[in-house]
Amino acid sequence: MEISDLEFDMANMSGMKSQLGPYTTSARYDAEHDAIVVVLNNASFVGFPVENCKGLKVPPLRN
């Protein structure tokens, strides 16, 4: 089975990316714990309280 140059390049880039170490795949706000949860590609996650996000501003909600 032959692969195209594009398929080869995509696989190669994917392999290089995985060697860089864990990277973020998603982030969300956990209202129950008032925390930000960041999920990594290796199934690990990091959470921290919103109060630790000093300097970030949230725009007011519109009605």
Side-chain angles (χ1 to χ4, degrees):
M1 178 176 119
E2 256 186 70
I3 63 169
S4 70
D5 288 343
L6 177 60
E7 290 171 315
F8 179 82
D9 290 343
M10 289 176 62
N12 194 26
M13 289 182 73
S14 177
M16 289 185 337
K17 189 174 181 180
S18 69
Q19 292 177 359
L20 296 175
Y23 55 88
T24 302
T25 58
S26 66
R28 65 182 175 83
Y29 171 67
D30 181 338
E32 183 178 344
H33 297 101
D34 195 30
I36 304 296
V37 178
V38 179
V39 181
L40 306 175
N41 68 315
N42 63 2
S44 298
F45 64 91
V46 178
F48 52 90
V50 171
E51 65 189 36
N52 288 353
C53 300
K54 295 177 182 169
L56 296 178
K57 296 184 180 183
V58 178
L61 295 175
R62 297 181 187 171
N63 290 337

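Bear in mind the structure is a predicted one, so any value in this text is a computation, not a measurement. Side chains included, hydrogens not; waters and symmetry mates left out as well; all remaining heavy atoms used.
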Nearest heavy-atom approach of Cys53 to Phe48 is SG-CE1, 3.4 Å
Glu2: what forms a side-chain hydrogen bond (donor to acceptor under 3.5 Å, both in side chains) with it, not counting sequence neighbours?
-> none
Distance-only, no hydrogens or angles: does the Ser26 side chain make a donor-acceptor pair with backbone N or O of Val39 under 3.5 Å?
-> no
Donor-acceptor pair, Asn41 side chain versus Thr25 backbone, under 3.5 Å?
-> no
More than 12 heavy atoms from other groups under 6.0 Å of CG on Asp34 | yes
Taking only residues two or more places apart in sequence or in another chain, which ones pass side chain to side chain contact (heavy atoms under 4.5 Å, CB included) with Asn42?
-> Pro22, Leu40, Ser44
Is there a path of hydrophobic side-chain contacts, each under 4.5 Å between heavy atoms of I, L, V, M, F, W or Y residues, that connects Tyr29 with Val38?
-> yes
